[in-house]
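Below, all heavy atoms of this structure are taken into account, side chains as well, without hydrogens, waters or symmetry copies.
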Amino acid sequence: QVQLVESGGGLVQAGGSLRLSCAASGRTFSSYAMGWFRQAPGKEREFVAAISWNGGSTYYADFVKGRFAFSRDNAKNTVYLQMNSLNPEDTAVYYCAAVRALSSDYVGGNRVDEYDYWGQGTQVTVSS
């Protein structure tokens, strides 16, 4: 079992930045590939980014490429999502998720059903 707790959300103006964190506890964190998803009101949960067990491989949705950066610190059992150049369309609840990694460079996929564990989410609101 893996428990995930997100933090770092808040209200920011368009063009601003936020860094989300997701702290994990439970089973060996470094054995898990991680993902970030988001869900806006009235919309389905959508993929944002994924990172491999060893942090060496990342994968981003097209709409965040060049603006967001996903990283992890396995010594701290934490992953981070640095979000820059935010716009109102980025407003959503952001969730981190974990899936047991098949290898150290395995990057989690972009489907919700590929992930085994989820956090409770953190709200990000971008004002225009």
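Counting heavy atoms from C-beta outward, V112 and E44 have side chains that stay 4.5 Å or more apart. For the pair Y95 and L4, the minimum side-chain heavy-atom distance is 4.5 Å or more. Residues W36 and V79 are in side-chain contact: their nearest non-hydrogen atoms beyond the backbone lie under 4.5 Å apart. Counting heavy atoms from C-beta outward, F63 and E89 have side chains that stay 4.5 Å or more apart. Residues R38 and T91 fail the side-chain proximity criterion, which asks for heavy atoms closer than 4.5 Å. Using a 4.5 Å heavy-atom threshold, the side chains of M83 and V12 count as separate.
A continuous path of ILVMFWY side-chain contacts below 4.5 Å connects F47 to Y106, so both sit in one hydrophobic cluster. The hydrophobic cluster containing V48 also contains V126, counting ILVMFWY residues as joined when their side-chain heavy atoms lie under 4.5 angstrom apart, directly or transitively. Cluster annotation: Y32 is not connected to Y59 through the hydrophobic network of ILVMFWY side chains, with a link wherever side-chain heavy atoms come within less than 4.5 Å. Note: the hydrophobic cluster containing L20 does not contain W118 (ILVMFWY, side chain heavy atoms under 4.5 Å, direct or indirect links). Both L81 and I51 are members of a single hydrophobic cluster when ILVMFWY side chains are connected at heavy-atom separations under 4.5 Å.
The shortest heavy-atom contact between K76 and T78 is O-OG1, 2.8 Å. Closest approach of A33 and A101 over heavy atoms only: N-CB, 3.8 Å. Scanning both residues, D116 and R100, for their nearest heavy atoms gives OD2-N, 3.7 Å. Closest heavy-atom contact between G9 and V124: CA-CG2, 4.1 Å. Of all non-hydrogen atoms in C22 and M34, the two that sit nearest each other are SG-CE, 4.3 Å. Between S52 and S104, the shortest heavy-atom distance links the atoms CB-O, 3.7 Å.
One finds the CZ atom of R72 at 12.0 Å from the OG1 atom of T58 (value rounded to the nearest 0.5 Å).
Between the side chain of E6 and the backbone N or O of Q120 there is at least one donor-acceptor pair closer than 3.5 Å. The backbone N or O of S85 lies less than 3.5 Å from a partner atom in the side chain of R67, making a donor-acceptor pair. At distances below 3.5 Å, not a single donor-acceptor pair connects side-chain atoms of Q82 with backbone N or O atoms of A69.
Cation-pi contact between R19 and Y80: present, with separation from the ring centre below 6.0 Å and deviation from the ring axis of at most 45°.
Ring orientation note: the planes of Y94 and F68 are tilted relative to one another, at an angle of 30° to 60°.
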